[in-house]
Amino acid sequence: MTQNSTVTGRASNKSNGKRPPGRPRSEHSRQAILRSTLKLLRQQGFPDLSIEAVAADANVSKATVYRWWPNRGALVADAFLESAEQELQFPHTGSVRSDMSRQMRRLIRVFRSSRGKVVAALLGGGQSDPELLEAFRERFLWPRRRQAYQTLQRGIDRGELPADTDLDLLLDSLYGPIYFRFLIRHDELTEKFADKICGVVLKNCGPA
């Protein structure tokens, strides 16, 4: 092919409005699917959500949805994560108590927003659908947990926590009350609650 014919071909692509296939178009479809998932969840809840409905709302085929997600549980977990990823990052303030309290406050804000219904649906539905609970653990819980390990390890390195701190027990003690109050609703879930939890748990977990 000559240089002139190559240039002509490029000009033809531009003139007929077609875009060559590739990553941008795929990412556009993926984002549309995630937006449609959250939209339909708010409108009709998890029990009535279907891959067919999501595909139709996002103007894609079912095959396109299944290209990225094996089931609706994985799709819902990723849709929630995409909407909250930046909000739930752990800060680096130089204080383990401040880092944990701020992140826990952010989590509570997300739970109190309309996205909290998505988490409740995942956790509630997961009690009878192991696939759904697995999707929540693998796609949301464990990535956040690994970030929390790093935050707590920095606290150990700075001498704020004992070297032999049981990180899993500490995290369960910090976040368990939030999930309990979020799901049982026996009392109000507020951002100040995060500060109180940190005050009790981390105070009793100081260096020996």
Side-chain angles (χ1 to χ4, degrees), residues 31 34-35 37-42 45-46 49 69 72-127 129 132-156 158 160-161 165-206:
Q31 291 296 327
L34 293 172
R35 286 193 299 270
T37 301
L38 288 176
K39 170 187 169 183
L40 294 177
L41 277 170
R42 294 189 186 104
F46 182 79
L49 182 75
W69 297 281
R72 64 176 184 158
L75 172 57
V76 170
D78 272 3
F80 170 71
L81 177 59
E82 185 81 9
S83 74
E85 175 75 25
Q86 294 304 314
E87 292 172 73
L88 297 181
Q89 294 295 314
F90 283 77
H92 293 205
T93 66
S95 161
V96 68
R97 180 168 175 172
S98 178
D99 288 347
M100 297 305 300
S101 178
R102 291 188 185 191
Q103 200 278 341
M104 290 163 65
R105 277 175 162 265
R106 294 171 184 175
L107 180 66
I108 289 173
R109 281 200 297 270
V110 169
F111 279 2
R112 286 168 56 90
S113 73
S114 60
R115 290 166 295 177
K117 295 180 180 179
V118 179
V119 181
L122 283 165
L123 296 177
Q127 304 312 303
D129 185 348
L132 188 58
L133 199 57
E134 178 70 10
F136 178 79
R137 283 196 300 261
E138 293 302 318
R139 294 170 180 266
F140 175 75
L141 181 64
W142 290 121
R144 304 285 77 69
R145 195 108 172 163
R146 285 190 287 271
Q147 291 179 13
Y149 289 151
Q150 295 172 358
T151 298
L152 295 179
Q153 185 59 52
R154 287 194 296 271
I156 292 174
R158 290 191 297 261
E160 298 173 275
L161 299 172
T165 297
D166 185 328
L167 300 186
D168 286 307
L169 178 59
L170 181 53
L171 287 175
D172 287 347
S173 300
L174 288 168
Y175 287 90
I178 293 177
Y179 279 90
F180 185 74
R181 191 168 285 197
F182 170 63
L183 293 173
I184 305 302
R185 301 182 184 279
H186 63 290
D187 206 341
E188 190 177 7
L189 181 61
T190 66
E191 292 181 40
K192 288 184 178 179
F193 186 51
D195 300 332
K196 293 179 179 179
I197 297 170
C198 284
V200 171
V201 175
L202 294 179
K203 179 180 179 181
N204 293 307
C205 193

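Basis for what follows: all heavy atoms, side chains included, without hydrogens, waters or symmetry-related copies. We count residues from 1, following the sequence as given.
- The shortest non-hydrogen separation linking A148 to L171 is CB-CD2, 3.6 Å.
- With contacts defined as side-chain heavy-atom distances shorter than 4.5 Å, the pair L123/Y179 qualifies.
- Atom-to-atom distance recorded for L189:CG and F180:CZ is 12.5 Å, nearest 0.5 angstrom.
- When all heavy atoms are compared, the tightest approach of E160 to V96 is OE2-N, 3.1 Å.
- A cation-pi arrangement is found for R185 relative to F182, the charged atom lying closer than 6.0 Å to the ring centre and inside a 45° cone about the ring normal.
- Residue pairs satisfying the salt bridge (Lys or Arg N to Asp or Glu O under 4.0 Å) criterion with at least one member in residues 111-123, sequence neighbours excluded, are listed as follows: E87-R115.
- By the 4.5 Å heavy-atom criterion applied to side chains, L75 and L49 are not counted as neighbours.
- Atom CG of L170 and atom CG of L202 lie 6.0 Å apart (nearest 0.5 Å).
- The backbone N or O of A84 lies less than 3.5 Å from no partner atom in the side chain of R106, so there is not a single donor-acceptor pair.
- In this view, F140 and F80, F136 satisfy the ring-ring contact (aromatic ring centres under 6.0 Å, His included) rule, not counting sequence neighbours.
- Atoms CG and CD, on L34 and E82 in that order, are 5.5 Å from each other to the nearest 0.5 Å.
- Side-chain N or O atoms of Q103 include none that pairs as donor or acceptor with a backbone N or O of P91 at under 3.5 Å.
- In terms of heavy atoms, G94 sits closest to R158 at O-NE, 3.2 Å.
- Side-chain N or O atoms of R137 include none that pairs as donor or acceptor with a backbone N or O of W142 at under 3.5 Å.
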Set out, in order, the CA-CA distance, both residues' side-chain angles and the distance that settles side chain to side chain contact (heavy atoms under 4.5 Å, CB included) for V119 and V110, then state yes or no.
CA-CA 10 Å; V119 181; V110 169; 5.6 Å; no
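- Atom OG of S113 sits about 12.5 Å away from atom CD1 of I108, to the nearest 0.5 Å.
- I156 has its side chain within reach of L167: a pair of non-hydrogen atoms, C-beta onward, lies under 4.5 Å apart.
- The only option from K203, R102, R105, R97 that meets the salt bridge (Lys or Arg N to Asp or Glu O under 4.0 Å) definition with D195 turns out to be R105.
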Run L133 and L122 through side chain to side chain contact (heavy atoms under 4.5 Å, CB included) and show every step you take.
CA-CA 7 Å; L133 199 57; L122 283 165; over 6 Å; no
Could you walk me through whether R144 and Y175 pass side chain to side chain contact (heavy atoms under 4.5 Å, CB included), step by step?
CA-CA 11 Å; R144 304 285 77 69; Y175 287 90; over 6 Å; no
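- R154 pairs by the side-chain hydrogen bond (donor to acceptor under 3.5 Å, both in side chains) definition with H92, T151, not counting sequence neighbours.
- When side chains are defined from C-beta on, L152 does not count as touching F90, because their heavy atoms never get closer than 4.5 Å.
- Remark: R72 is positioned above the aromatic ring of F46, its terminal NZ or CZ atom under 6.0 angstrom from the ring centre and at most 45 degrees off the axis.
- The CG atom of L174 lies 5.0 Å from the CE atom of M104; values are rounded to the nearest 0.5 Å.
- The shortest heavy-atom contact between P177 and I197 is CB-CD1, 3.8 Å.
- Of all heavy-atom pairs between L38 and A79, the closest is CD1-O, 3.7 Å.
- Closest of all the heavy-atom pairs between A194 and S101 is CB-O, 4.1 Å.
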